[in-house]
Amino acid sequence: MVNQAQKGAREGNRYIDTRGQSPKPLEFSEVIIQGLAQGGGLFVPVTLPRLTLDDILDLSQMPYAAQGARIYEHFEVDFAADQIASLMTQAYGRNFDDPAIAPLVSLDEQTHVLELWHGPTAAFKDMALQCLPHFFSAALARQAEAGSPPPDQLILVATSGDTGSSALEGFKDRDHVGIITFYPDGGVSDIQWRQMATAAGSNVGAFGLRGNFDDCQTSVKAAFSDAAFNERLLREHQVSLSSANSINWGRLLPQVVYYVSAYARLVASGRLQAGEELDVCVPTGNFGNILAAWYAREIGTPIGQLYCASNENHVLTDFINTGVYDISQRSFKLTPSPSMDILISSNLERQLFELNGRDPEVICQWMAGLREQGRFEVDSETFDYLQADFRADWVTSDDGLATIRQVYEKYGYLLDPHTAIAYQVAERLRDHKQKPILVVATAHWAKFAANVAKSLLGITVDQDLPAELRDLSGLALNDWLCERYDGLTIPATLAALGDRPVQFSEICDSSTQSVEATVLEWLGRKKI
């Protein structure tokens with residue numbers, strides 16, 4: 001199939017990097033393998049497509065995989081149309097527990113929830129990480145068939161909770177690809193830990209790291225930039241590094257799809273008028289999910305205001321409201337929404353590149369300021385563009401848990417701690433009389449059983465659960481919640497975690513040297 005598709009492959013849109021360090025523009029198939037640009041920048045398309053309203057509304061008549069294929073064709077992805085369709089069909093099928101893939105639930109006439117957690121790990125990261133691996137493998141196969149087989153690829157992932165398990169699931173048992181994920185030890189939920197620690201696959205590894213997510217992300221990105229380390233990987237193991245974090249454009253493009261799709265389906269169902277603006281509220285820490293909504297709007301989707309919802313690590317809210325990104329004196333906080341416990345938001349670099357007139361020199365200056373002084377400030381024109389596109393607010397941990405209970409009591413709908421933050425920010429910032437809003441639901445509540453139980457019992461974050469619940473695992477707490485509250489169910493993939501043996505329990509230090517040593521030791525006993 002790949003051979004036949006290769007014959008019809010076309011030259012696609014090209015990609016440049018935000019720091020201007022790449023020697024030449026690359027195609028999509030090259031970008032997804034390379035992941036991070038030379039010099040640490042992020043890839044963005046040279047040109048963005050422009051969809052008409054009819055193009056968008058026509059998507060509502062297609063299954064989700066076909067919608068994804070159509071958007072990829074608009075972006076001029078350099079694969080033949082029939083291969084794109086085939087890869088999308090493989091990505092979005094029975095591995096999701098709802099045929100809609102990303103179903104919509106309306107809490108009232110103006111408030112719609114986009115459920116992005118129906119994939120195999122019950123988190124929105126599956127929406128991209130069930131897709132990217134198929135295109136990644138196809139790109140490797142293309143290079144091999146062209147007579148220039150690339151080295152085996154080692155995917156390095158820094159995760160705040162959900163990316164790790166989704167990436168391990170998506171890339172497991174793929175030929176010529178290995179994957180290692182690093183997560184903050186003690187900084188993820190019990191269910192998130194179990195998903196990574198019990199990951200199956202001959203080519204996977206998962207390691208805790210003594211530190212927080214920013215430590216993970218900083219060390220992993222530093223490994224990519226360490227020329228001596230990369231040379232050693234190639235020399236001793238015939239391996240090159242690549243990324244499955246949202247710094248990889250192949251992670252971001254699938255996320256654009258679900259915003260365009262959601263708009264089309266809301267119109268088709270009569271919940272939205274064709275051409276009517278839809279506001280979007282996203283709980284975000286690394287800025288990728290809300291950036292995808294911005295790109296969806298840029299290509300023609302009638303999306304109005306973008307609301308950025310933060311938890312107590314609210315550096316993004318402060319930045320959007322002031323134009324100053326400052327982590328120099330900011331402490332990192334562990335919250336009930338661990339996937340948002342982030343202070344260094346990698347994808348913000350792409351957004352700033354788009355808003356500042358695509359000036360790589362300025363991006364280099366800002367990123368150097370963040371690296372060296374822990375802060376930077378954008379110019380007034382960029383700040384004006386930022387303010388025009390985004391509004392932002394943050395929610396305390398206790399308010400987030402209270403929101404879970406309030407929404408459940410009002411609508412009988414149970415939010416996870418991340419989505420609860422988005423719902424609360426939407427309630428604060430939206431104009432209820434004007435526009436409908438899409439609240440993005442990023443995970444199933446069962447991944448965060450302890451804090452959901454606290455919420456429903458009216459317990460604050462700092463209080464302990466009742467004695468009979470205190471020592472229960474996340475799996476046992478989920479069973480208790482389902483027994484106590486009618487109508488609650490747990491995805492089969494989460495319920496089955498208790499039957500899977502722990503494969504990975506090692507912890508390493510947070511330094512780049514320790515991360516690199518861990519990678520080398522893993523390669524010494526694994527064959528990709």
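Just so you know, these numbers use all the heavy atoms, side chains as well, and skip hydrogens, waters and symmetry mates.
Counting only distance, with no hydrogens or angles, the side chain of Tyr325 and the backbone of Ser345 share a donor-acceptor pair below 3.5 Å. At least one donor-acceptor pair closer than 3.5 Å links the side chain of Asp55 to the backbone N or O of Thr52.
Every pair tested for ring pair (Phe, Tyr, Trp, His ring centres under 6.0 Å) that includes a residue from residues 341-362 fails, sequence neighbours excluded, so the list is empty. Within the structure, salt bridge (charged side-chain N to carboxylate O under 4.0 Å, His left out) contacts touching residues 36-46 (residues at least two apart or in different chains) do not occur.
Partners of Asp152 according to the side chain to side chain contact (heavy atoms under 4.5 Å, CB included) rule, which considers only residues two or more places apart in sequence or in another chain, are His176, Val239, Ile528. Looking at residues two or more places apart in sequence or on another chain, you find a ring-ring contact (aromatic ring centres under 6.0 Å, His included) between Phe448 and His418. In this structure, the side chain to side chain contact (heavy atoms under 4.5 Å, CB included) partners of Asp98, at least two apart in sequence or on a different chain, are Ala100, Pro103, His118.
For Thr382 and Asn356, the side-chain atoms include no donor-acceptor pair closer than 3.5 Å.
The six-membered or imidazole ring of Phe75 lies away from that of Phe28, with a centre-to-centre distance of 6.0 Å or more.
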Table please: side-chain donor-acceptor pairs of residues 156-166 below 3.5 Å, with sequence neighbours left out.
from	atom 1	to	atom 2	distance (Å)
Thr159	OG1	Gly161	N	2.9
Thr159	OG1	Thr163	N	3.3
Thr159	OG1	Gly164	N	2.9
Ser160	OG	Ser339	O	3.1
Asp162	OD1	Gln192	NE2	3.0
Asp162	OD1	Lys447	NZ	2.7
Asp162	OD2	Ser339	OG	3.2
Thr163	OG1	Lys125	NZ	2.7
Ser165	OG	Asp162	O	3.2
Ser165	OG	Gln195	OE1	3.4
Ser166	OG	Thr121	OG1	2.8
Ser166	OG	Asp126	OD1	2.9
Ser166	OG	Asp162	O	3.3

Please walk me through it: do Lys333 and Asp341 pass side chain to side chain contact (heavy atoms under 4.5 Å, CB included)?
CA-CA 7 Å; Lys333 298 182 180 180; Asp341 289 347; over 6 Å; no
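Annotation: side chain of Leu51 is not in contact with side chain of Thr301 (no heavy-atom distance under 4.5 Å).
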